[in-house]
Amino acid sequence: MNNQNFFERVYEVVRLIPYGRITSYGAIARYLGTARSARMVGWAMNKCHTSGKFVPAHRVVNRNGLLTGKSHFGNTTTMQQLLENEGAFIENDRIINFNQLFWDPSIEIG
């Protein structure tokens with residue numbers, strides 16, 4: 001599978017994340033059957049602005065709820081603002097209510 005196809009599969013999953021919910025790079029990778037490719041999911045998020053369709057990349061964080069991709073949103077506060085607008089509580093770049101908001105595509109999509 002080439003990167004472009006993988007990235008498109010990632011974007012399809014990310015577009016399914018409901019408003020007010022979040023997931024992790026690893027959860028997406030596991031859902032896609034490529035559990036060791038969480039970093040590649042992160043690369044896909046970094047390139048999602050080139051996909052031609054909206055991808056709510058702000059809803060994807062690391063497994064600890066850290067906003068590791070925040071520097072890819074134009075400035076370092078945009079990702080946090082988008083998440084807070086959807087009900088996330090963030091302190092020191094970490095989503096405090098991560099477990100409450102977590103959306104697992106393997107469970108939610110099946």
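As the structure is a computational prediction, the values presented were derived from the model and not from experiment. Because only heavy atoms are used, hydrogens play no part in the values below, and waters and symmetry mates are left out as well, while side chains stay in. When a residue number appears, it is its place in the shown sequence, counting from 1.
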Indicate every side-chain donor-acceptor pair of residues 93-102 with a distance under 3.5 Å to a residue at least two apart or in another chain.
from	atom 1	to	atom 2	distance (Å)
D93	OD1	K70	NZ	3.2
D93	OD2	K70	NZ	2.7
R94	NH1	N64	O	3.0
N97	OD1	F89	N	2.9
N97	ND2	G87	O	3.2

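- The side-chain hydrogen bond (donor to acceptor under 3.5 Å, both in side chains) search around N46 returns H72, not counting sequence neighbours.
- Within the structure, every pair that satisfies the side chain to side chain donor-acceptor pair (under 3.5 Å) test and touches residues 21-30, not counting sequence neighbours, is listed here: Y25-T68.
- A heavy-atom distance below 4.5 Å is not found between the side chains of V10 and M40.
- Separation of atoms CD1 (I28) and OH (Y11) is listed at 11.0 Å; rounding is to 0.5 Å.
- Counting only residues at least two apart or on different chains, no salt bridge (Lys or Arg N to Asp or Glu O under 4.0 Å) pair has a member in residues 74-84.
- Under the rule for a side-chain hydrogen bond (donor to acceptor under 3.5 Å, both in side chains), the partners of T78 that lie at least two apart in sequence or sit in another chain are N75.
- Taken to the nearest 0.5 Å, the CZ atom of F7 stands 14.0 Å off from the CD atom of E12.
- In the hydrophobic clustering of ILVMFWY residues, with side-chain heavy atoms under 4.5 Å counting as a link, I17 and M79 come out apart.
- Identified under the salt bridge (Lys or Arg N to Asp or Glu O under 4.0 Å) test for residues 43-52, with sequence neighbours left out: none.
- The side-chain heavy atoms of L67 and H58, taken from C-beta on, include no pair separated by under 4.5 Å.
- Connection of V41 to W43 is established within a shared hydrophobic cluster, with ILVMFWY side chains joined at heavy-atom distances below 4.5 Å, either directly or through further cluster members.
- What you find for R9 and L32 is that their closest heavy atoms are NH2-O, 3.2 Å.
- For the residue pair L66 and N92, the shortest heavy atom distance occurs at CD2-O, 4.4 Å.
- For residues 32-41, the set of pairs meeting the salt bridge (Lys or Arg N to Asp or Glu O under 4.0 Å) definition, not counting sequence neighbours, is empty.
- Within the structure, salt bridge (Lys or Arg N to Asp or Glu O under 4.0 Å) contacts touching residues 51-63 (residues at least two apart or in different chains) are R59-E86.
- Considering all non-hydrogen atoms of both residues, C48 and A57 come closest at SG-CB, 3.7 Å.
- For the residue pair A27 and P105, the shortest heavy atom distance occurs at O-CG, 3.7 Å.
- Interatomic distance, F73 CZ to L82 CG, rounded to the nearest 0.5 Å: 7.0 Å.
- Taking Ile, Leu, Val, Met, Phe, Trp and Tyr as hydrophobic and joining them when side-chain heavy atoms fall under 4.5 Å apart, one finds F54 isolated, its cluster having no other members.
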